[in-house]
Amino acid sequence: MLEVALRHDFNGFTLDVAFEAPAGVTCLFGRSGAGKTSVVRAVAGLLQADEARISVAGERLDGLPVHRRGIGYVFQEPRLFPHMSVAGNLGYARSGMDPAPVVEMLGIGHLLERRPAALSGGEAQRAAIGRALLSRPRLLLLDEPLAALDEARKAEILPYLERLRDAAGVPMLYVSHSVAEVARLATTLVALENGRVVRVGPAAEVLSDPDVAPVIGIREAGAILAARVVAHHEDGLSELAAAGGTFWLPKVAAAVGSEVRVRIEAQDVMLSAARPEGISALNVLPIRISTLREGEGPGVMVQLVAGEERLLARVTHRSARAMGLAEGWQGYAVVKSVAVASGNVGG
Amino acid sequence: MSGWLGPAEWQAVALSLRVALVATLVSLPFGVGVAWVLARKRFPGHGLLNGLVHLPLILPPVVTGYLLLVSLGPQTALGSWLEAAGLGVAFRWTGAALAAGIMAFPLMVRAIRLSLEAVDPGLEEAAGTLGASRLRVFGTVTLPLIAPGVLTGAILAFAKAMGEFGATITFVSNIPGETRTVPSAIYAFLQVPGGEYSAWRLVIVSVVIAMGALLASELLARRVAARVGGRDA
């Protein structure tokens, strides 16, 4: 259990944030300048907030100096000590922990004797994650740890973070402005805007909230849902079962029976009053509209209920009027594309 | 070397080395401290401290020496108190070391401060989050990273202390065996007929020591920089 309540006056910007989150990965999400990094720095004690109440598993952290807080901090840049080898960096915290399992999980065994200057960006960031983990933290803070990396390196590190979430059991506070990362990792999502919390809750719930869509960005807004791989068919498609219905996706890299997390962007969902016939889209689900949110632009963000899951769809005002969309409206959602967000649902 | 140098010349060289070494080693911790304060802290009086540290660089050395004499000389209250405590510096080699240390201080602080400003504070933050106290952060992260700058500062200060003349001769005079350092000795030899040969030998010694110090610092700094710069050395 993580509890954070902060107030801090910067020049012309006030941070006023309070949230609680269960174990797992808590993602702080919002545009740049929303105050995400300030929250994390205050939790670490690197920023002395005017008012702070921070507790992890019932233990108060505020009031303690940085080095007594027992937090691990992975920064945007690796910040490895250049005058020490990777092994020296990993051992810096002197926690007495056996480094072997962490080294193996992060795949950095062959780098131990190297100096940080001789590492690639991805290798250095993995070493930095290992160094933070080996301080035996009661809370791991990750401030956009993948932001400085290219797509290939991100793809290399994300699975390690998932393993951390699922295997290490260390609660994490994760800052990101990438919806893809959030969809993949978050157990709890805290949406921030202008130094304030817009919404806190389980990731799937917050992501499918039409009111949060503007914070996320209309183009990237979308829901995540849990699904199970039912079968891999011979024509190259995988069959996934979710609470709201069945999805067909191009072959998913997960074994039959495994749980996956899929992400459906609002702009990839069309609505139809009657069950559509003779269309190329494979994924059609019966739905009911639970809420509508009119934006400032030409679009309307619609929250749909399919089974017990929630989806988001983005339609134009004109279509909404013509089709008479309203709360309780029943029809069908045509999903143009579905992405597997993660090998595991997590949390 | 003592065979080639006359006893008076050798005395001056040995004294100069001792004065410069003591001046450098004693002022080094203060140099690091002052450089750290100037580089990392903002407070009222920051400019004043900075100016004070740099004053000996701008003032005529004779003025610095005279100010030392009127504040620490045997006739002054502070001077007689130090004398009574057995720490008198007036007309002693320790006074020469003090004068040399003060004259060399700005150069030392400047070099260390520059290297401190080049250290990424993010590394120190990271060390703190890993459970290191401020003192441990300084000892294990900051100090190793500024080592090349500290070394450069120390060598510069040593060279400056070896050559210091104006403040020394004004403060502690030119007493053979006590305060007659190499520059003072060269000056003294040039005042007497036939002293040119002694002066020349000391000039050669000065050049050799200065060049040696410079080469040694270059070599050491390169090795230290390679060690802390992340390349496998």
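Everything numeric in this text was worked out from a predicted model, so none of it was measured.
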Over 12 non-hydrogen atoms of neighbours within 6.0 angstrom of [atom1] in [X]:
{"X": "A/R60", "atom1": "CZ", "result": "yes"}
{"X": "B/H54", "atom1": "NE2", "result": "yes"}
{"X": "B/M211", "atom1": "CE", "result": "no"}
{"X": "B/L215", "atom1": "CG", "result": "yes"}
{"X": "B/R110", "atom1": "CZ", "result": "no"}

Taking side chain as C-beta onward, heavy atoms only, is [X] less than 4.5 Å from [Y]?
{"X": "B/T129", "Y": "A/P137", "value": "no"}
{"X": "B/E125", "Y": "A/F75", "value": "yes"}
{"X": "A/H67", "Y": "B/R136", "value": "no"}

Which atoms of [X] approach chain B - backbone, side chain, both or neither, heavy atom under 4.5 Å:
{"X": "A/R79", "answer": "both"}
{"X": "A/L46", "answer": "side chain"}
{"X": "A/A128", "answer": "neither"}
{"X": "A/L141", "answer": "neither"}

Inset, instruction - Could you have a look at B/A132, B/P144, B/A147 and say which one has the most heavy-atom pairs with chain A under 4.5 angstrom? - result: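 Among B/A132, B/P144, B/A147, the one with the most close pairs to chain A is B/A132.
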Which atom names give the shortest non-hydrogen contact between [X] and [Y], and what distance separates them?
{"X": "A/Y92", "Y": "B/T140", "value": "OH-OG1, 2.5 Å"}
{"X": "B/L123", "Y": "A/P82", "value": "CD1-CD, 3.8 Å"}
{"X": "A/S135", "Y": "B/L130", "value": "CB-CD2, 4.0 Å"}

Legend entry - Interface residues of residues 27-44 of chain B facing chain A - non-hydrogen atoms under 4.5 Å apart: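 Under the 4.5 Å heavy-atom cut-off, nothing qualifies.
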Inset, instruction - With a 4.5 angstrom heavy-atom cut-off, could you sort out which part of B/A127 is near chain A: side chain, backbone, both or neither? - result: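 Contact with chain A involves both backbone and side-chain atoms of B/A127.
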Legend entry - Closest-packed option against chain B by number of heavy-atom pairs under 4.5 Å, given A/R68, A/R136, A/R131, A/R69: A/R131
